[in-house]
2 protein chains.
Amino acid sequence: MSNTQAMPQLDADDGAVVVPCCPPLTERPFTAAEAGTAAPMFKALGDPIRLRLFSAVASHEGGEACVCDISDVGVSQPTVSHHLKKLKEAGLLTSQRRGTWVYYRVEPSVLAAMGKLLTMPAA
Amino acid sequence: MSNTQAMPQLDADDGAVVVPCCPPLTERPFTAAEAGTAAPMFKALGDPIRLRLFSAVASHEGGEACVCDISDVGVSQPTVSHHLKKLKEAGLLTSQRRGTWVYYRVEPSVLAAMGKLLTMPAA
DNA sequence: CGCTTGGTTCGGCGTATGTCAATATAGAAA
DNA sequence: TTTCTATATTGACATACGCCGAACCAAGCG
């Protein structure tokens with residue numbers, strides 16, 4: 001599972017496909033395919049703990065944070081790890097081990113893409 | 001359930017709290033309270049069917065659509081109704097009965113608020 | 001090597017969620 | 001009123017999800 005081979009369209013670590021995705025939600029009705037791509041990103045942010053973890057990483061210096069810096073969200077450490085994994089699988093975060101610690105960082109392009117989805121029709 | 005009394009912070013129809021909510025996710029770590037408020041909105045859009053329904057309403061003329069216009073998303077009629085209810089409870093949609101038909105419309109302020117959450121730190 | 005610290009994975013448990021068929025309600029129409 | 005159409009609600013079911021403790025892996029240190 002944790003082989004380090006080069007894999008196309010995958011993040012440096014593992015499982016974190018980065019896609020451009022979809023027009024604004026208000027532009028035209030989403031197709032099933034578009035919804036299937038975009039929904040998991042919203043879903044990933046749809047849990048309070050994950051939202052806090054994501055915000056903690058995103059607001060951290062350099063858009064990057066060690067797990068140890070953001071683990072204080074009121075759940076056990078395994079649960080934190082589980083949620084970070086979900087965020088990574090949704091393509092919102094990437095992870096990198098540096099020595100003893102593991103650092104998570106936001107995927108800026110995905111954040112921007114989600115922002116555009118919620119764009120209003122030019123007022 | 002469908003009493004028509006004036007209720008503070010509640011939508012005209014029922015259960016649809018409209019809140020301004022939270023700074024950008026990247027500004028500072030979300031508090032538990034902020035996460036508890038914002039997460040349900042993302043959660044509501046975290047299902048492909050709901051995302052399509054929401055997009056269908058949002059992209060419809062006048063940001064409003066009859067249920068009959070958007071029900072073709074591949075699930076049964078009760079399921080459509082169920083998802084629309086969820087979107088309403090999350091404060092993303094409001095509903096209004098006009099004669100035989102029920103019209104759903106987007107809550108523009110909430111859409112804008114979610115967009116701001118995903119704002120990047122001024123590049 | 002063994003020990004300690006940081007983090008992930010596993011197994012299980014209780015609850016939430018998505019779905020449908022069946023039924024109920026709201027209006028319009030006959 | 002009876003009937004028909006449009007939508008909502010109920011009840012049941014299978015699956016997904018969030019959570020924890022226990023066990024496990026990875027890296028540094030004696």
Side-chain angles (χ1 to χ4, degrees), chain A residues 1-4 11 13-16 32 35-36 39-54 56-57 64-90 93-105, chain B residues 1-4 11 13-16 32 35-36 39-54 56-57 64-90 93-105:
Chain A
M1 219 58 109
S2 48
N3 69 48
T4 328
D11 177 72
D13 202 50
D14 74 328
M41 304 182 196
F42 286 105
K43 187 173 187 177
L45 295 182
D47 177 88
I49 298 292
R50 280 199 295 272
L51 195 55
R52 290 184 69 188
L53 289 171
F54 183 81
V57 173
E64 177 181 87
C66 171
V67 175
C68 57
D69 289 328
I70 60 176
S71 302
D72 194 18
V73 287
V75 293
S76 71
Q77 202 277 329
T79 300
V80 168
S81 188
H82 169 248
H83 282 308
L84 287 172
K85 186 180 183 181
K86 287 289 193 74
L87 287 166
K88 199 164 76 170
E89 287 170 351
L93 295 180
T94 59
S95 70
Q96 185 185 12
R97 173 157 227 135
R98 289 209 289 273
T100 306
W101 296 279
V102 176
Y103 292 83
Y104 282 79
R105 62 167 40 248
Chain B
M1 217 58 112
S2 49
N3 69 45
T4 327
D11 179 71
D13 202 52
D14 74 326
M41 304 182 196
F42 287 106
K43 187 174 188 176
L45 295 182
D47 177 89
I49 298 294
R50 279 199 296 271
L51 195 55
R52 289 184 70 187
L53 289 170
F54 182 82
V57 173
E64 177 182 87
C66 170
V67 175
C68 58
D69 290 327
I70 60 176
S71 302
D72 195 18
V73 288
V75 293
S76 69
Q77 185 271 322
T79 300
V80 169
S81 188
H82 169 248
H83 282 308
L84 288 172
K85 186 180 183 182
K86 287 289 194 76
L87 287 166
K88 200 165 74 170
E89 289 171 349
L93 296 179
T94 60
S95 70
Q96 185 185 14
R97 173 157 226 135
R98 290 210 288 273
T100 305
W101 296 278
V102 176
Y103 292 82
Y104 281 80
R105 61 168 40 247

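Computed from heavy atoms alone, side chains included, the values below leave out hydrogens, waters and symmetry copies. To find a chain, count down the sequence lines: A is the first, B the second, and so on, and within it residues start at 1.
Looking only at side-chain heavy atoms (C-beta outward), A:L84 and A:I70 come within less than 4.5 Å of each other. Counting heavy atoms from C-beta outward, B:L45 and B:L87 have side chains that approach closer than 4.5 Å. Side-chain contact between A:Q77 and A:V67: present, with at least one pair of heavy atoms (C-beta onward) separated by less than 4.5 Å.
What you find for A:V57 and A:Y104 is that their closest heavy atoms are CG1-O, 3.3 Å. Nearest approach of A:D47 to A:H83, heavy atoms of both residues: OD2-CE1, 3.7 Å. Closest non-hydrogen pair, A:M41 versus A:A90, comes out as CG-O, 4.0 Å. A:A39 and B:P48 make their closest contact through CB-N, 3.6 Å (heavy atoms, listed as atom of the first residue, atom of the second, distance). For the residue pair B:C68 and B:W101, the shortest heavy atom distance occurs at SG-CD1, 3.8 Å.
Atom CG of A:D47 and atom P of D:dC17 are 11 Å apart (whole Å). In this structure, A:E89 atom CD and C:dT8 atom C1' are separated by 13 Å, rounded to whole Å. Between B:L84 atom CG and C:dG18 atom C1' the separation is 14 Å, expressed in whole Å. Taking atom CG of A:L87 as the reference point, atom P of D:dG18 lies 10 Å away to the nearest angstrom. With rounding to whole Å, A:K85 atom NZ is found 14 Å from D:dC17 atom C1'. Regarding A:L51, its CG atom lies at a distance of 16 Å from the C1' atom of D:dG18, rounded to whole Å. Between the CG atom of B:D69 and the P atom of D:dA6 there is a distance of 11 Å, given to the nearest Å.
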Polar atom pairs between nucleotides 27-30 of chain D and protein, under 3.5 Å, N or O only, would you list them?
none

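Between A:K43 and D:dA16 there is no side-chain polar atom (N or O) within less than 4.0 angstrom of OP1 or OP2. In this structure, B:K86 reaches the C:dG18 phosphate: one of its side-chain N or O atoms is under 4.0 Å from OP1 or OP2. Within the 4.0 Å cut-off from OP1 or OP2 of C:dG6, not a single side-chain nitrogen or oxygen of A:Y103 is found. Of the side-chain N and O atoms in A:Y104, none sit less than 4.0 angstrom from OP1 or OP2 of C:dG6.
Against DNA chain D, the stretch residues 74-82 of chain B makes heavy-atom approaches under 4.0 Å through B:Q77, B:P78, B:S81.
Set against C:dT8, D:dA8, D:dC19, the side chain of A:V102 has C:dT8 as its closest nucleotide.
Remark: side-chain polar atoms of A:R50 are paired, donor with acceptor, to backbone N or O of A:A44 under 3.5 angstrom.
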